[in-house]
Amino acid sequence: MGVVHVSNPATGEIIHSLQTSTKEEVTAKVDKAQLAFPSWKALTAYDRSKLLIAWAAMIRENRQELGELITLENGKPLAEALGEVDYAVSYIDWYAEEAKRIYGRTIPTHVPNKRLSVTRQPIGVVAAITPWNFPAAMMTRKAAPALAAGCTFIVKPAEETPLTTIRLIELAHRAGIPEDAVQYVLADAPMVGEIFTSHKAVRKITFTGSTAVGKLLLSQCAQTVKHATMELGGHAPIIVAEDANIAVAVEQTIIAKYRNAGQTCVSPNRLIVHENIAATFTEALVAKVKELKVGNGMEADVSVGPVINRKGFDKIQDQIQDALSKGADAAVGGGHNVDEEQGFYFVEPTVLTNVSADAKIMTEETFGPVIPIVTFKELDEAIAIANDSLYGLATYFFTESYKTGTYLSENLDYGIVGWNDGIISAAHAPFGGMKESGMGREGGTEGIEPYLETKYVSMSL
Ligand code: NAP
């Protein structure tokens with residue numbers, strides 16, 4: 001048994017210490033989820049829906065406390081953390097309704113005395129592994145459809161941010177969802193991954209995190225042929241066309257790029273700007289970036305919090321230094337405020353210009369408040385740069401022309417497209433990526449499908 005110390009990334013202060021579980025304890029929790037499955041599945045969709053609605057109400061009652069908890073363990077500004085609580089609840093709202101719309105169908109028969117029907121049933125025990133960047137929303141985006149479908153659910157939150165998950169699960173139990181139907185485990189990540197992927201009762205793994213860990217889990221899932229949803233990394237491009245509304249493009253880039261200090265999977269990581277407007281766009285963007293205040297997310301006027309930890313900071317620094325060494329300029333930012341002894345890492349919001357095509361920042365996921373700008377002449381050149389990535393999660397573009405927009409929309413290899421729009425995620429829309437950004441979708445009508453099995457019944461009269 002070990003201990004996890006949860007610290008505030010804005011100060012380095014330890015805010016809570018928690019005991020981790022042993023292999024036997026984790027396995028016992030999965031066993032409990034298995035035992036709880038038949039009775040949870042047997043509830044009517046209406047009863048499961050009512051319990052989800054009660055959970056959502058509990059979260060709303062405790063919105064402020066949950067928001068503060070997210071800021072304390074993740075570092076994002078409180079206004080953003082409260083926004084995350086609202087976003088997290090919206091998945092519970094949506095799937096409480098979708099529970100009632102899990103329809104089957106009948107198939108016209110080929111012989112007179114047969115009746116063919118298709119029903120949907122819950123897949124079984126669902127095991128989830130979530131990241132630290134959205135400790136509330138990444139959990140509810142999985143738990144809500146799983147529970148709505150009739151599956152029991154067990155989640156391992158990230159070591160940096162377990163407190164929000166634990167609190168959400170306490171609230172679920174207070175709302176009346178049985179204790180064994182929704183559980184968490186806190187334990188060594190590879191060990192939990194091994195148990196989740198090898199336990200025969202677990203029928204589905206749902207993971208949000210890095211592509212490297214996603215690949216590992218996928219390979220482990222093969223042993224027991226588990227279903228898997230993978231929400232992995234991203235390296236979102238933004239194309240700013242010659243006819244873009246520059247004010248809108250700047251405003252939306254700021255929102256999409258600097259929220260959560262750039263630590264989102266859909267964070268724009270490459271600005272691809274038409275050469276005729278690059279100077280005007282860059283000047284306007286830099287002016288807005290200078291207005292961003294970096295600091296402790298609990299302070300009211302702070303818009304950019306710390307990055308999560310030393311590892312994250314080192315990666316960002318490496319990308320900045322690499323780009324600068326290859327001829328880039330920091331049009332704004334480039335600095336940092338770090339105290340290794342205390343354990344906090346703040347990075348100045350940064351815009352890099354004259355970035356070389358072979359700079360690491362052009363191909364590696366960044367996860368920090370830094371963005372490079374490159375220019376293009378022809379639209380196809382911009383599309384080629386944008387698509388030149390292992391990732392295919394989110395992309396954005398800015399254009400006032402429906403022809404340009406339609407062309408971009410149809411030719412960018414990304415699962416999510418923001419057209420003049422930097423805020424693209426919603427509970428009622430499918431979220432997920434192409435290529436190495438993952439498989440499956442969360443949210444929308446698509447988001448409950450992975451938790452359901454299809455059963456076909458052929459009846460002879
Ligand atoms: P990570 O290192 O992959 O960790 C994510 C989760 O996986 C954590 O709970 C972690 O546990 C666990 N984990 C690590 N190694 C594991 C192993 N060997 N077996 C099983 N679980 C393991 O990713 P991160 O740095 O926390 O999160 C950032 C990444 O998530 C980025 O790549 C980002 O793009 C991606 N992301 C994707 C989406 C999306 O929807 N596509 C959304 C948000 C984030 P510990 O914390 O205990 O190590």
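Counting convention: from 1, in listed order, for ligands and their atoms alike. All heavy atoms count here, side chains included; hydrogens, waters and symmetry mates do not.
- Heavy atoms of Arg141 found under 4.0 angstrom from ligand 1 belong exclusively to the side chain.
- For the pair Phe431 and ligand 1, a heavy-atom separation below 4.0 Å is found.
- Rounding to the nearest 0.5 angstrom, the gap separating the NZ atom in Lys315 from the CD1 atom in Ile320 is 12.5 Å.
- Of the heavy atoms in Thr211, none comes closer than 4.0 Å to ligand 1.
- No N or O atom of Thr208 sits closer than 3.5 Å to an N or O atom of ligand 1.
- Each of the following atoms of ligand 1 lies closer than 4.0 Å to a heavy atom of Leu216: 18 (N).
- Looking from atom 42 (C) of ligand 1 to the surrounding protein, the closest heavy atom is Cys265 SG, 3.0 Å.
- The nearest heavy-atom contact from the protein to atom 12 (C) of ligand 1 is Ile129 CG2, 3.6 Å.
- When only modelled atom types and interatomic distance are considered, Gln319 and Thr366 share a side-chain donor-acceptor pair under 3.5 Å.
- Using cut-offs of 30° and 60° for the angle between ring planes, the Tyr95 and Tyr91 rings count as parallel.
- Of all protein heavy atoms, the one closest to atom 34 (O) of ligand 1 is Glu365 OE2, 2.5 Å.
- In the vicinity of Leu393, heavy-atom distances shorter than 4.0 Å reach the ligand 1 atoms 41 (N).
- Note on ring orientation: taking the six-membered ring where Trp is involved, the planes of Trp94 and His428 are tilted (angle from 30° to 60°).
- The existence of a salt bridge linking Asp388 and Arg270 is excluded, since no basic side-chain nitrogen approaches an acidic carboxylate oxygen closer than 4.0 Å.
- Close approach of ligand 1 to Pro157 (heavy-atom distance below 4.0 Å) involves ligand atoms 9 (O).
- Contact between Glu160 and ligand 1 is present, with at least one heavy atom of the residue lying under 4.0 Å from the ligand.
- Considering backbone and side-chain N/O atoms, Phe134 never comes within less than 3.5 Å of an N/O atom of ligand 1.
- Residue Gly193 approaches ligand 1 through these ligand atoms, each under 4.0 Å from one of its heavy atoms: 20 (C).
- Ranking protein heavy atoms by distance to atom 15 (N) of ligand 1, first place goes to Val213 CG2, 3.6 Å.
- The closest approach between any non-hydrogen atom of Thr130 and ligand 1 is below 4.0 Å.
- Residue Ser437 has no nitrogen or oxygen atom sitting less than 3.5 Å from a nitrogen or oxygen atom of ligand 1, judged on distance alone.
- The two atoms that bring Pro306 and Gly295 nearest to each other are CD-O, 4.0 Å, heavy atoms only.
- Looking at Glu436 and Lys215, a side-chain N of the basic residue comes within less than 4.0 Å of a carboxylate O on the acidic one, giving a salt bridge.
- At least one test fails for Lys204 against the ring of Phe153: distance under 6.0 Å to the centre or angle within 45° of the axis.
- Taking the six-membered ring for Trp and the full ring otherwise, Phe344 and Phe346 have centroids separated by under 6.0 Å.
- At a 4.0 Å cut-off, not a single heavy atom of His235 sits close enough to ligand 1 to count as contact.
- With a heavy-atom cut-off of 4.0 Å, Met138 touches ligand 1 through its side chain alone.
- What sits closest to atom 27 (O) of ligand 1 on the protein, heavy atoms only, is Pro131 CB, 3.5 Å.
- Close contacts of ligand 1 with Asn133, meaning ligand atoms under 4.0 Å from a residue heavy atom, involve 43 (C), 44 (C).
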Stepwise side chain to side chain donor-acceptor pair (under 3.5 Å) check, Tyr258 with Ser303:
CA-CA 8 Å; Tyr258 295 102; Ser303 40; over 6 Å; no

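- With hydrogens left out, the protein atom closest to atom 48 (O) of ligand 1 is Ala189 CB, 3.9 Å, a heavy atom.
- Among protein heavy atoms, the minimum distance from atom 3 (O) of ligand 1 is reached at Ser210 OG, 2.6 Å.
- Using a cut-off of 4.0 Å between Lys/Arg side-chain N and Asp/Glu carboxylate O, Asp86 and Arg60 are scored as not salt-bridged.
- Distance remark: protein heavy atom present below 4.0 angstrom from atom 21 (N) of ligand 1.
- The pair Arg120-Glu449 counts as a salt bridge, with a side-chain nitrogen and a carboxylate oxygen less than 4.0 angstrom apart.
- Annotation: cation-pi pair Lys156/Phe207 absent, no NZ/CZ under 6.0 Å from the ring centroid and within 45° of its normal.
- Of the options Ser425, Gly209, Gly433, Ala137, the smallest heavy-atom separation from atom 30 (O) of ligand 1 is shown by Gly209.
- Within the 4.5 Å cutoff, side-chain heavy atoms of Asn387 are placed close to those of Tyr414.
- The single protein non-hydrogen atom nearest to atom 25 (O) of ligand 1 is Trp132 NE1, 3.3 Å, given as residue, atom name and distance.
- Of all atoms in ligand 1, listed by their number and element, those nearer than 4.0 Å to a heavy atom of Phe367 are 28 (C), 31 (C), 33 (C), 34 (O).
- His336 and Phe313 have perpendicular rings, their planes meeting at more than 60° on a 0 to 90° scale where under 30° would count as parallel.
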